[in-house]
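Here the structure is laid out as structure tokens; the discussion comes afterwards.
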Amino acid sequence: MNARGLTRRWHRLTLRGRLILIGSVGVAAGLALGGLILVRTLEFTLQRNLDEGAVGTARDVAGLVHAGRLSDPIPVGGGVSFVQVVDGRGRVTAASAGADRLVPMLGPGNLTSVRSGARLTVDGEQLGITGAVRVVGEPLPGGRTVLVAVSERGTAESIGVVKGTLLVAFPILVGLLAAVAWRVVGWTLAPVETLRRGAAEITGTSSARRLPVPAGNDEVHRLAVTLNDMLKRLESTRRRQRAFVADAAHELRSPLASMRTQLEVAVRLDTPAPGAGSQPELLTDLLTDLNRLADLTNDLLLLARADEGALPRPAERVDVAALAKELAGRYAGARVPVQVEAPEARWVRGTPGALRQLIANLADNAVRHATTQVRVAVEDPGEGVLITVTDDGPGIAPADRERVFGRFTRLDDARARDDGGSGLGLAIVRELARLHGGTVMLADAGPGVRAEVRLPAADRV
């Protein structure tokens, strides 16, 4: 099977099946490696014991030779197959019972090797033994050598039994472990399946529901908590979007209805009806409504771009004090005087148009609610640039000073709409301040409200 076929089969497996397959392969590989190490260790241990026994026998025989008490045949203990004493010319001078007395166990080359301490494995057929034979040697004076041959048959049989046992036991063990893993993995993934069913039951109309949170403090529990937090944020965003759309439609409906009424009157009447106003007045009213629509549309577009992160990033040094002085002339005919205090240049990194709108929105809001005057100040308190816009109006209760930064929020809805406010001014101020790395807050001016915008100075950006 090619790699593509294996990939298709892999993707058809469930997560449970994949985990079991990976676990079974890992267990099988681990058991195989452990079995190989066990067999190799057993082979090494048995071989060493066999060699040590043969070497001990060779030394005992050498001791008898040195003591002059070597008998013929040479006495050997249990487990030793054959013993020979070979002289320097390769002739057998003594042997154990059953050992060849004419032909030595090893040839001249191998005999030299065992005299130097080597331990050889030879075919046992030349000695009349089935299987391999282990041969060791012990040198004697005069060029003689004691040769001891021990059969490896018992060692081979022991290793064979171990190998057979492992070959039978390993598949059974892997199968049992796979069955246990199937149950354990199924039990572990049960909360995940519960989460999946809970997510499937959540629809667009029931998104206020939450996923079931399993007991414990494991990864699945934390996943469920995180997903519920995400659902909560999504639901909050959805509510804000619904409210935003409804408020925007409501704001657009009022000027459109006014324009439609005035145009219908102008079309149906050849001459203005009593109270309908003259044509210049009609055009002036229409232009006012159109300007209001244009401002509202621009504000909605700015907020939409802010939500998408599409507003241009601050890229140049801007003198905020100069912008405040430029805006002073805009309020020359305002209902209350606007005083601007910006004696020195205050530089920030930003966008001139955005900063100009930020100050203008605060000033418009202050003029709308002030009683006698509005004060705009730009200063440097030592922690960046501070822009303050203060009015002496009725003020805002502390509980509402954060709420008014919401979109389409009006504390006095009817009066604000009549004055031309859409409820987006302060929301735009907050977005523009955040875009420039700053903050905005409202404070008590006693009487009135003081809006404070703090922006990083240009040399600290």
Side-chain angles (χ1 to χ4, degrees), residues 1-53 119-121 131-132 134 150-203 207 209-234:
M1 181 179 296
N2 57 21
R4 183 175 298 177
L6 289 175
T7 302
R8 285 199 299 267
R9 291 198 173 188
W10 172 260
H11 287 300
R12 290 174 186 172
L13 290 175
T14 62
L15 176 60
R16 189 178 185 181
R18 294 179 187 178
L19 292 176
I20 298 301
L21 179 59
I22 294 173
S24 299
V25 172
V27 170
L31 290 177
L33 180 60
L36 179 61
I37 294 175
L38 175 63
V39 170
R40 294 303 182 191
T41 303
L42 181 61
E43 287 179 346
F44 173 78
T45 302
L46 293 177
Q47 189 73 62
R48 185 182 62 181
N49 293 337
L50 192 67
D51 290 343
E52 289 178 352
R119 300 170 184 182
L120 304 179
T121 299
R134 191 72 168 173
V150 183
S151 175
E152 293 185 345
R153 182 176 180 180
T155 300
E157 289 177 351
S158 299
I159 295 175
V161 171
V162 173
K163 288 182 178 179
T165 303
L166 293 178
L167 289 176
V168 173
F170 276 11
I172 297 175
L173 183 58
V174 171
L176 291 176
L177 290 176
V180 173
W182 181 268
R183 300 286 298 182
V184 172
V185 171
W187 174 75
T188 303
L189 293 179
V192 178
E193 176 62 19
T194 303
L195 288 178
R196 187 199 64 79
R197 289 197 300 266
E201 294 174 357
I202 296 177
T203 63
S207 57
R209 295 186 55 183
R210 295 294 180 263
L211 298 175
V213 179
N217 191 28
D218 56 5
E219 291 79 0
V220 179
H221 174 87
R222 292 193 291 272
L223 174 64
V225 173
T226 302
L227 291 176
N228 280 335
D229 290 341
M230 180 189 69
L231 290 174
K232 183 178 179 180
R233 292 193 300 271
L234 291 176

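Two residues are said to be in side-chain contact when any heavy atoms from C-beta on lie closer than 4.5 Å; Leu176 and Ile172 meet this criterion. By the 4.5 Å heavy-atom criterion applied to side chains, Arg134 and Leu120 are not counted as neighbours. Between Val39 and Leu36 the shortest side-chain heavy-atom distance does not fall below 4.5 Å. You'll find the side chain of Val225 reaches within 4.5 Å of the side chain of His221, heavy atoms only. In this structure the side chain of Gln47 never reaches within 4.5 angstrom of the side chain of Arg119, judged on heavy atoms.
For the pair Pro171 and Leu166, the tightest heavy-atom approach, listed with the atom from each and the gap, is CD-O, 4.1 Å. When all heavy atoms of Leu211 and Asn228 are compared, the closest pair comes out as N-OD1, 2.7 Å. Of all heavy-atom pairs spanning Ala224 and Pro212, the tightest one is CB-O, 3.9 Å. Taking both residues in full, the closest heavy atoms of Thr121 and Ala132 are given as CG2-CB, 3.8 Å, listed atom of the first, atom of the second, then distance.
Distance check: Leu46 CG to Thr41 OG1 gives 10.5 Å after rounding to the nearest 0.5 Å. Distance CG/Leu31 to CG/Leu38: 11.5 Å, rounded to 0.5 Å.
Applying the side chain to side chain donor-acceptor pair (under 3.5 Å) criterion to Glu52, with sequence neighbours excluded, gives no partner residue. Every side chain to side chain contact (heavy atoms under 4.5 Å, CB included) that Leu177 has, sequence neighbours left out, goes to Val27, Leu173. In this view, Arg40 and Glu43 satisfy the side chain to side chain donor-acceptor pair (under 3.5 Å) rule, not counting sequence neighbours. Asp229 pairs by the side chain to side chain donor-acceptor pair (under 3.5 Å) definition with nothing, not counting sequence neighbours.
Judged as a side chain to side chain donor-acceptor pair (under 3.5 Å), the pairs with a partner in residues 155-175 (not counting sequence neighbours) are, in order, Arg153-Glu157. Residue pairs meeting the side chain to side chain donor-acceptor pair (under 3.5 Å) criterion with at least one member in residues 168-180, sequence neighbours excluded, do not occur.
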